[in-house]
Amino acid sequence: MNEFFKTISKIPYEGAKSKNPLAFHYYDANRVIMGKPMKEHLPFAMAWWHNLCASGADMFGRGTADKAFGVAELNTMEHAKAKVDVGFEFMQKLGIEYFCFHDVDIVPEADDIKETNRRLDEISDYILEKMKKTGIKCLWGTANMFSNPRFCNGAGSSNSAEVFAFAAAQVKKAIDITLKLGGKAYLFWGGREGYETLLNTDVKFEQDNIARLMKMAVKYARSIGFTGDFYIEPKPKEPMKHQYDFDAATAIGFLRQYGLDKDFKLNIEANHATLAGHTFEHDLRISAIHGMLGSIDANQGDLLLGWDTDEFPSNVYTATACMYEVLKAGGLTGGFNFDAKNRRPSYTAEDMFAGYILGMDTFALGLIKAAELIQDGRIDDFISKRYASYRETEIGRKIIADETDLEELFAYAENVGTPNLPGSGKQEYLQSVLNDVLFG
C-alpha cells in the first residue's frame, strides 16, 4: 500500500516553545531522565481497536471518522490489511515502538470460528512481515469476549458451558497469535465478567469458572513456550453493574485466592481507577506494593460522566503522579498503551496524530516532573519523618519487629496515658511542594 498520511511527515521534537501542532513539545525520545532515555521509561503502544477501528459512533449517532483507509468495502480481509499498512505507517511517524490488539480488531469475525482462525493466521503473517521490516513490536494481545451477543452473560463467568468453551477457544487462538508476534504479555480483558442481579447469579460458581479459564490459559501458554506475563485489568462499571475485577485490590485478592498471582500482574487504566472511586495513582500504588504492577492503559475519563470515555490524557498533575509511582516501582514490565480515542467531532487524520501527540507529551512532561519531584526530596523526607516514631522509640521498634503483643501494648498505653496527637499530615504544604515542582 502506498503512503496513506501523505501530508504528515515523521513527527519531530521541537520543544515547549513550538507552536507546530504536529510536533512534540515535551517528548524527546533520547533525553536521559534518571539514567535512562525517555523512550525506555515510556514504551508507548498504539491501541489497534481505537486508532484503526473506532469511527466515533455512539449510542446517539453513527461514526464521523472515515476508517476505511481507501478500501471500498469494510470488514473484509482487504480492509484488515489496509489497517495494518496504515497502523504501521502511523506508528513509524510517531516513533511508537509497540502495539496492542484484540483478535477481532485485526480481522473481521466470521460466522464460523474455523474461518475466523484462518483469517487470524493470514493477517498475523502480514503483521509479522511489517514487524520485521520496521522493528515495531507487540506489547500484548487479548481476545474480545464481550462484544458478540454470545457473551451477554460474560465469558469465563457465562452460565452456558458452550459459551465458556467458545471463550476458551478464542483465548487459545489469541495466545497463539500473541506468541507468534512476540508479545510481551497476554491480557484478560473482563468486559462482562460480572453480574446485574443476585436473583439469577451463583457468584462463587462464576468466579471459580473464571479462575478455571485463566488456569487453562496459563497451562497452555507455558506448554507452547510463552514466557511473558499475564495481565488482568480492573474494569468497574464496564459494563456490568457488579464487576468481579472492580479495582486493583479486588483483582489482587482474586488472583491470590486462586493461586494465579505468580503468573499474573495488573494492567491499570486511569479511567477505570476513577470509575472505581480511586485516583489513578492509588491503583498503581496498590499494584506496586504487592509486586503486581505490570502495564498501564494511558488515558483519562471525564469525572462529570459515569462511564469509560477513554480520552487522550492531558492532565499533567495525574501524569506526574502516575510517573512518580512508576519510577518509585522501578518501571514497568509492560508499557503505556493508549487505550484512548479522539472525541467524536475530531474526525480527521490529523486529529489521530494530535491525540497521540497530546498523550505522549503529557506523559513525557509527567516523567520530567516526577523525576524532579523525587530529586527535590521534600515529599520523601516528610513521609520518612512522619513514621519516625517506629524507628526512634523502643516500643515502635518492637512493633515493626513483631517483638511485642497486646498485653505489653496494653501495659504501655496504661503507663503513658492519653497519647499526643500524631504529627500533622501537612497535606496543604505538600500540595504546594507539588505546585513548586510543576510550575516553579
Side-chain angles (χ1 to χ4, degrees), residues 44-45 47-51 54 100 102 139-140 142-147 151 154-157 185-196 207 210 214 229-255 264-290 292-315 317-319 321-323 325-326 329 332-341 355 359 362-363 366:
F44 290 128
W48 206 279
W49 53 100
H50 281 323
N51 200 49
C100 300
H102 301 81
L139 184 63
W140 50 253
T142 187
N144 179 327
M145 299 184 294
F146 50 86
S147 292
F151 297 123
S157 62
Y186 182 83
L187 184 137
F188 270 87
W189 196 298
R192 295 189 188 274
E193 306 295 43
Y195 69 91
E196 298 293 337
Q207 291 194 344
I210 294 169
M214 290 181 168
D229 288 325
F230 287 85
Y231 297 145
I232 185 173
E233 179 173 323
K235 293 174 77 71
K237 304 179 184 178
E238 190 175 311
M240 307 299 259
K241 187 191 303 182
H242 300 286
Q243 290 281 145
Y244 295 136
D245 46 5
F246 178 78
D247 63 1
T250 305
I252 290 168
F254 172 87
L255 293 172
F264 277 81
K265 290 183 170 63
L266 269 59
N267 183 69
I268 299 299
E269 178 176 318
N271 200 168
H272 292 164
T274 52
L275 286 173
H278 304 309
T279 61
F280 184 22
E281 56 269 27
H282 167 86
D283 266 14
L284 294 171
R285 177 74 64 91
I286 295 301
S287 302
I289 63 176
H290 290 282
M292 297 182 74
L293 177 57
S295 201
I296 285 174
D297 269 12
N299 63 15
Q300 68 186 37
D302 188 325
L303 297 182
L304 299 179
L305 299 173
W307 64 85
D308 191 7
T309 54
D310 286 339
E311 299 177 23
F312 280 100
S314 61
N315 187 317
Y317 276 99
T318 298
C322 166
M323 294 312 303
E325 298 300 327
V326 171
L332 303 174
T333 59
F336 294 81
N337 170 50
F338 284 112
D339 185 13
K341 56 190 175 186
T362 297
F363 270 86

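Please read these numbers as outputs of a predicted model, since none were measured by experiment.
- One distance of note links CG of L284 with CG of L332; it measures 8.5 Å at 0.5 Å rounding.
- Checking side-chain atoms of N144 against main-chain N and O of F146 turns up a donor-acceptor pair under 3.5 Å.
- Under the 4.5 Å side-chain criterion, counting only non-hydrogen atoms from C-beta, L266 is in contact with I232.
- For the atom pair CE (M323) and OG1 (T362), the distance works out to 12.5 Å, reported to the nearest 0.5 Å.
- Between F254 and M214, some side-chain heavy-atom pair lies under the 4.5 Å cut-off.
- Nearest heavy-atom pair across A298 and A340 is O-CB, 4.2 Å.
- Taking the six-membered ring for Trp and the full ring otherwise, F336 and F363 have centroids separated by under 6.0 Å.
- Taking the six-membered ring where the residue is Trp, the centroids of F264 and F230 are separated by under 6.0 Å.
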Inset, instruction - Kindly indicate, with the supporting measurements, whether the criterion side chain to side chain contact (heavy atoms under 4.5 Å, CB included) is fulfilled by E269 and N299. - result: CA-CA 7 Å; E269 178 176 318; N299 63 15; 2.9 Å; yes
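- Side chains of I296 and F280 form a contact here, defined as non-hydrogen atoms less than 4.5 Å apart.
- Counting non-hydrogen atoms of other residues, nucleotides and ligands closer than 6.0 Å to CZ of R192 gives a total above 12.
- Closest of all the heavy-atom pairs between F338 and P313 is CE2-CG, 3.9 Å.
- Judged by distance alone, the side chain of H272 and the main-chain N or O of P234 form a donor-acceptor pair under 3.5 Å.
- Considering only heavy atoms from C-beta on, F188 stays 4.5 Å or farther from D245 through its side chain.
- Separation of atoms CD (E238) and CZ (F246) is listed at 12.5 Å; rounding is to 0.5 Å.
- Separation of atoms NZ (K235) and CG (D297) is listed at 8.0 Å; rounding is to 0.5 Å.
- Atoms OG and NE2, from S287 and H282 in turn, are 8.5 Å apart once rounded to the nearest 0.5 Å.
- Remark: the backbone N or O of G335 is paired with a side-chain donor or acceptor of S295 at under 3.5 angstrom.
- Taking 4.5 Å as the limit, every side-chain heavy atom of P239 sits out of range of all side-chain heavy atoms of W307.
- The minimum heavy-atom distance between Y186 and W140, with the atom names listed, is N-CB, 4.4 Å.
- With contacts defined as side-chain heavy-atom distances shorter than 4.5 Å, the pair M292/L255 qualifies.
- With a 4.5 Å cut-off on side-chain heavy atoms, I268 and I286 do not count as touching.
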Inset, instruction - Could you walk me through whether T318 and Q300 pass side chain to side chain contact (heavy atoms under 4.5 Å, CB included), step by step? - result: CA-CA 9 Å; T318 298; Q300 68 186 37; 6.0 Å; no
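- For the atom pair CD (E233) and CG (D283), the distance works out to 11.0 Å, reported to the nearest 0.5 Å.
- Put simply, the side chain of M240 reaches to within 4.5 Å of the side chain of E196, judged on heavy atoms.
- Minimum heavy-atom separation, D339 to A47: CA-CB, 4.2 Å.
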Inset, instruction - Check the pair D302 / T309 against side chain to side chain donor-acceptor pair (under 3.5 Å), numbers first and verdict last. - result: CA-CA 7 Å; D302 188 325; T309 54; over 6 Å; no
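- Smallest separation of non-hydrogen atoms from D310 and H50: OD2-NE2, 3.1 Å.
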